[in-house]
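Naming: A, B, ... by sequence-line order, numbering from 1 per chain. Values below: every heavy atom of this structure, side chains too, minus hydrogens, waters and symmetry copies.
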Amino acid sequence: MIRTLEVDGLRRNYGERAALDGLSFQVKPGTVTGFLGPNGAGKTTTMRAIFGLTDLDGGTISWGGLPVGRAERRRFGYMPEERGLYPGMRVDEQVQYLGRLHGLSAASAAAAAQRWLERLEIGSSSGAKVETLSHGNQQRVQLAAALVHGPELLVLDEPLSGLDPLGIETIGSVLTDRARDGCGVLFSSHQLDQVEELCDEVVIIDHGRLVAAGSVDGLESAGQRRLAVRIDGVRSAEWAAGIAGVTVSETARGVSRLVLADSVDSDEVLRAAIQAGTVTHFSYERRKLSEVFREALA
Amino acid sequence: MSAAGDGAILAAATAIVLWRRRRTRARSPKPARRMGRGSAHPRPEIFEIAMREINERVRGKIFQVGTAVILVAVALAIVVPKIGGASSTAVQTVGIVGPAPASLKVAVEIATAASHDRARTVAEPSLSLAKQDLRAGKIDMAVANGQILVKTAIGAKASSVDPTFARALAAYLGEAAAGRNLGLSPAQITRMSLAGAVPIRAVEQSPPSTTTATTTIGIVLIFYFLSQYCTWILMGVMQEKSSRVVEVLLATVRPIQLLGGKILGIGLVALGQATLIVLFALGVERATGSSLLSGTQPAFLVAALLWLVLGYAFYCWLFAAAGSTASRQDQVQTLVLPLSIPMVIGYIFSVTVAVSGHASLLFKIIAYIPFTAPFSMPVLVSLGQAAWWQLLISAAISLATTAFTAFAAASIYRRAVLKTGERVRLRQLVGEGGRA
């Protein structure tokens with residue numbers, strides 16, 4: 001059954017501080033949803049709340065229209081921010097054990113564990129103790145533990161942190177494959193390039209509140225027009241500073257990204273650029289996710 | 001111990017069979033038809049958690065080496081006295097100066113029977129030669145002129161004379177001399193000496209009591225099991241918290257299932273080890289013909305096993321709750337100490353009473369306090385100073401207190417185990433309104 005996770009009006013206070021302040025969003029099946037926000041925005045608290053690991057002061061969490069309870073959570077896969085594995089336990093036994101706790105028979109858990117460990121390219125370490133593995137490989141084991149029971153919803157807190165590019169590629173491909181199979185995937189990350197590449201949707205929160213949500217395409221296409229301009233030999237965007245209604249979003253590797261107010265005529269910008277030097281690049285571009293993020297938090 | 005023992009054996013055997021089945025399955029996994037949930041008989045979570053505990057503990061070096069050490073110690077405790085006893089069955093060589101009348105041979109036989117020694121007699125041509133042989137160690141004693149001569153005083157370290165043998169021989173020779181003076185025939189003298197003592201009978205039947213050695217060993221083992229396995233629970237809870245695996249587990253199972261599975265698993269390991277030790281001790285005793293455990297009453301074994309279970313059930317929750325408040329190894333000692341103090345008090349008091357055989361009123365009172373009852377009540381049973389209804393009252397008090405303790409401990413565990421950083425204080429748990 002295709003089910004959507006709905007988080008509605010979550011509230012959680014720690015003393016005077018509100019960690020969650022009426023947060024609402026959705027995770028649709030078959031999509032990879034990036035869960036973004038600055039440190040302390042409430043991402044981890046939200047994920048823990050989905051699994052009943054923190055008590056709430058208000059709000060509801062439902063899946064397919066029904067409140068999320070113990071039975072529903074057994075069909076979710078979870079990877080916490082602070083990794084959790086038995087250091088002295090064998091890798092394969094650990095993954096099998098978590099599979100059995102999610103309701104798999106011993107044989108099914110053994111087969112699924114073997115399959116996922118191989119899929120995550122750590123099959124050769126299945127007999128090793130977890131504590132003997134590198135950080136990256138422990139992370140892969142953690143993901144295998146979250147996947148072993150074939151969950152219909154994956155909630156992963158910083159699954160890509162500390163991984164090398166090959167590790168990111170492997171885990172990224174597993175997440176997109178699971179989404180293709182109909183699984184909903186919610187994962188938090190501070191690596192916006194990876195989020196942009198992997199995610200269909202993003203949810204951005206700050207101070208426990210939703211500040212932006214939607215498809216990556218939609219969010220990047222939305223907002224004010226922006227121009228990417230490269231002028232030969234010019235590394236800064238001072239030439240554009242004097243144009244009314246133009247703000248410099250960022251300058252990187254000689255390319256200035258300018259945000260244009262509705263009143264600004266792009267020809268006026270082009271003329272200013274030509275005056276500054278030889279223009280080698282001048283085009284309208286979509287917002288990058290990092291710009292979406294920054295502007296949402298501004 | 002029949003009922004409790006059979007139950008323990010059955011539980012241990014079931015656990016081992018299931019563990020072996022699981023291992024067999026794990027070694028040869030059948031390919032899954034699809035990625036997803038298996039349909040073939042998933043087991044309850046608490047059982048899975050208990051099985052993991054059993055698996056990890058039994059395979060651990062601490063358990064294996066500890067069990068081996070205990071079994072060796074038990075075997076030595078049974079075998080060494082037996083070997084010592086066998087070596088004391090010495091051959092006593094008796095030199096006889098002058099002609100050896102038939103009555104003297106009877107005297108040696110009576111002394112042999114009294115001391116369980118073997119004896120041989122040698123003829124000594126003269127008193128001086130007999131003394132020479134005594135000094136050379138060729139004979140242990142000499143009978144001459146109605147006296148018994150020995151090299152050094154009986155009981156001295158260097159003496160080769162078995163005091164029981166020598167005293168029995170001396171007593172008979174004295175009786176024989178007195179009989180001869182009274183004009184008794186040798187046959188009458190022999191009959192008189194063989195008459196033996198009159199029986200001593202009590203007018204009231206006293207309850208059976210267990211030997212001091214067995215009671216002390218039983219209390220030592222209860223103390224070992226409770227302190228060892230409850231500390232395992234504390235450490236296990238703390239390690240799950242510090243490694244953060246508890247967060248993954250509690251995303252799937254309830255706190256009470258996780259804690260209950262751990263307590264059940266470690267408890268079964270303890271019960272299995274206790275059963276193994278008892279069976280091993282009985283086996284060694286039977287194989288060696290030792291009588292060390294022969295005075296052990298079934299009531300004591302039942303009481304000891306019952307209080308091992310009740311004591312574990314009570315203390316395990318306290319240790320689990322304490323473990324959930326710690327995040328690091330160095331905090332463990334601080335937590336174990338206050339919990340161990342009542343255990344140590346009960347243990348020392350009980351061993352003292354087991355050895356002295358005298359139970360004071362205070363000792364009888366602490367047999368009803370759940371902290372100390374696991375040690376004191378079995379001792380009262382072994383001394384025959386606790387009726388069955390007293391045992392039941394104490395057990396009922398312990399069970400009721402355990403229910404309350406379990407409720408409070410599970411509540412503390414649920415609130416504390418997900419809190420990281422510094423050690424969680426009780427006032428923090430109360431201050432947070434008990435929220436996770």
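- Shown here are the ring-ring contact (aromatic ring centres under 6.0 Å, His included) partners of Phe319(B), two or more places apart in sequence or in another chain: there are none.
- Of all residues in residues 253-265 of chain B, those placing a non-hydrogen atom less than 4.5 angstrom from a non-hydrogen atom of chain A are Val253(B), Arg254(B).
- In this structure, no portion of Ile50(A) lies under 4.5 Å from any heavy atom of chain B.
- For Ile49(B), the parts lying near chain A are the backbone and the side chain together; criterion is any non-hydrogen pair under 4.5 Å.
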> Step by step, would you call Glu56(B) with Arg90(A) a salt bridge (Lys or Arg N to Asp or Glu O under 4.0 Å)?
Replying inline: CA-CA 10 Å; Glu56(B) 291 297 308; Arg90(A) 277 172 53 136; over 6 Å; no
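- Here the closest heavy-atom approach between residue Glu247(B) and residue Pro80(A) is recorded as OE2-CB, 3.6 Å.
- Under a cutoff of 6.0 Å and an axis angle of 45°, Arg52(B) and Tyr86(A) form a cation-pi pair.
- Both the backbone and the side chain of Leu101(A) come within contact range of chain B, with heavy atoms under 4.5 Å apart.
- The existence of a salt bridge linking Arg59(B) and Glu93(A) is confirmed by a sub-4.0 Å separation between a basic side-chain nitrogen and an acidic carboxylate oxygen.
- In this structure, Leu418(B) and Leu53(A) approach most closely via the heavy-atom pair CD1-O, 3.4 Å.
- Legend: residues meeting ring-ring contact (aromatic ring centres under 6.0 Å, His included) with Phe223(B), ordered by chain and number and at least two apart, are Tyr347(B).
- Applying the ring-ring contact (aromatic ring centres under 6.0 Å, His included) test to Phe187(A) and every residue at least two apart in sequence or in another chain returns nothing.
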